[in-house]
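Below is one structure, written out as structure tokens; comments come after it.
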Amino acid sequence: DAMVIQNPRYQVTQFGKPVTLSCSQTLNHNVMYWYQQKSSQAPKLLFHYYDKDFNNEADTPDNFQSRRPNTSFCFLDIRSPGLGDAAMYLCATSRPSRGKRETQYFGPGTRLLVL
Amino acid sequence: ILNVEQSPQSLHVQEGDSTNFTCSFPSSNFYALHWYRWETAKSPEALFVMTLNGDEKKKGRISATLNTKEGYSYLYIKGSQPEDSATYLCAFSGFLNYGGSQGNLIFGKGTKLSVKP
């Protein structure tokens with residue numbers, strides 16, 4: 001089945017130690033998104049790629065970076081994780097029509113714990 | 001600042017009960033309203049995308065209505081079953097370039113539904 005895969009499902013890192021979260025998709029969608037969801041909060045968009053074009057949300061901290069080496073894969077890099085970065089990180093994909101956003105397809109998320 | 005509100009925050013019902021919850025969103029520059037179901041340890045799953053005022057969508061025992069003029073959507077579940085237990089998220093998208101959001105989804109915090117057998 002076509003799907004969005006996130007690895008790992010749980011990630012433990014140390015304060016200040018760089019960490020990378022992975023997302024892959026078999027849907028061949030050209031847009032990939034990264035969301036952060038902290039406890040009891042709404043999922044919040046960090047950034048997205050439209051093909052190779054990177055779009056950062058204005059309030060996304062510089063500590064968060066992303067890479068998309070090809071259509072199928074997208075990575076979220078946290079350069080120096082702080083305790084406040086502990087959250088669920090969701091990856092999603094979509095194939096917009098007529099330049100507008102349509103349904104997004106989500107992976108199961110990676111829960112990040114920072115010690 | 002665009003804000004999407006969902007109520008109630010959580011809901012506990014008995015199997016067989018019917019239930020509904022609310023999503024409130026900005027009524028200007030509306031493009032689409034999305035509903036997702038998110039079961040524990042699974043991926044959020046799209047239920048409905050609604051674009052027109054007065055839209056009603058149905059999928060099995062779940063239905064949704066949309067009022068874009070007043071900025072709200074209701075999700076109804078008829079005869080709740082334990083497998084309906086999940087967090088239900090709604091998300092708003094505006095036209096491109098509205099508030100700098102470029103049509104991206106803005107989510108509410110969700111309504112967590114628990115259905116007891």
Side-chain angles (χ1 to χ4, degrees), chain A residues 1-10 23-27 29 31-51 53-60 87-111, chain B residues 1-10 21 23-26 29-52 55 57 59 64 86-112:
Chain A
D1 286 341
M3 56 199 306
V4 181
I5 302 162
Q6 289 189 246
N7 286 307
R9 296 292 302 273
Y10 297 90
C23 178
S24 63
Q25 55 132 339
T26 60
L27 296 161
H29 284 172
V31 188
M32 294 187 77
Y33 307 81
W34 280 103
Y35 290 87
Q36 178 194 62
Q37 187 193 30
K38 295 185 179 180
S39 180
S40 302
Q41 299 297 311
K44 180 179 175 299
L45 182 65
L46 295 173
F47 26 60
H48 72 274
Y49 273 94
Y50 195 128
D51 294 321
D53 293 333
F54 178 69
N55 298 271
N56 199 30
E57 293 300 296
D59 55 355
T60 298
M88 172 72 84
Y89 290 88
L90 290 165
C91 173
T93 72
S94 73
R95 179 187 288 282
S97 63
R98 298 180 187 174
K100 294 190 173 75
R101 304 293 189 265
E102 300 296 342
T103 297
Q104 294 185 15
Y105 295 83
F106 284 84
T110 294
R111 186 167 294 282
Chain B
I1 297 177
L2 301 175
N3 216 24
V4 176
E5 300 285 346
Q6 290 188 248
S7 63
Q9 190 174 354
S10 64
F21 14 97
C23 173
S24 301
F25 53 86
N29 274 27
F30 174 86
Y31 173 64
L33 193 283
H34 300 244
W35 281 101
Y36 285 85
R37 173 171 59 201
W38 192 4
E39 295 178 66
T40 302
K42 294 187 178 179
S43 304
E45 173 199 0
L47 289 173
F48 306 114
V49 180
M50 308 174 79
T51 57
L52 297 175
D55 250 357
K57 299 260 183 173
K59 186 175 182 179
T87 295
Y88 291 82
L89 291 166
C90 73
F92 161 89
S93 67
F95 283 105
L96 289 173
N97 297 317
Y98 175 58
S101 69
Q102 301 291 318
N104 292 324
L105 295 185
I106 299 168
F107 281 88
K109 294 181 181 181
T111 293
K112 186 172 183 178

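Quick note on labels: first sequence line is chain A, next is B, and so on, each numbered from 1. Both backbone and side-chain heavy atoms feed into the values below; hydrogens, waters and symmetry mates do not. Every value quoted in this text rests on a predicted model; they were computed, and no experiment measured them.
- When all heavy atoms of A:His48 and B:Asn104 are compared, the pair lying nearest together is CE1-ND2, 3.7 Å.
- Residue with the most contacts toward chain B among A:Ala58, A:Ala92, A:Ala42, A:Gly109: A:Ala42 (heavy-atom pairs, distance under 4.5 Å).
- Ranking B:Gly110, B:Ala91, B:Ala41 against chain A, the residue ahead of the rest is B:Ala41, based on heavy-atom pairs under 4.5 Å.
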Item to check | Residue pair A:Tyr33, A:Ser94: steps toward the side-chain hydrogen bond (donor to acceptor under 3.5 Å, both in side chains) verdict | outcome: CA-CA 8 Å; A:Tyr33 307 81; A:Ser94 73; 2.9 Å; yes

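- With a 4.5 Å cut-off on non-hydrogen atoms, A:Gln37 touches chain B through its side chain but not through its backbone.
- In this structure, chain B has no heavy atom under 4.5 Å from any part of A:Arg111.
- When all heavy atoms are compared, the tightest approach of A:Leu90 to A:Phe106 is CB-CD2, 4.1 Å.
- Using the six-membered ring where Trp is involved, B:Phe107 and B:Tyr36 have ring planes that are tilted, between 30° and 60° apart.
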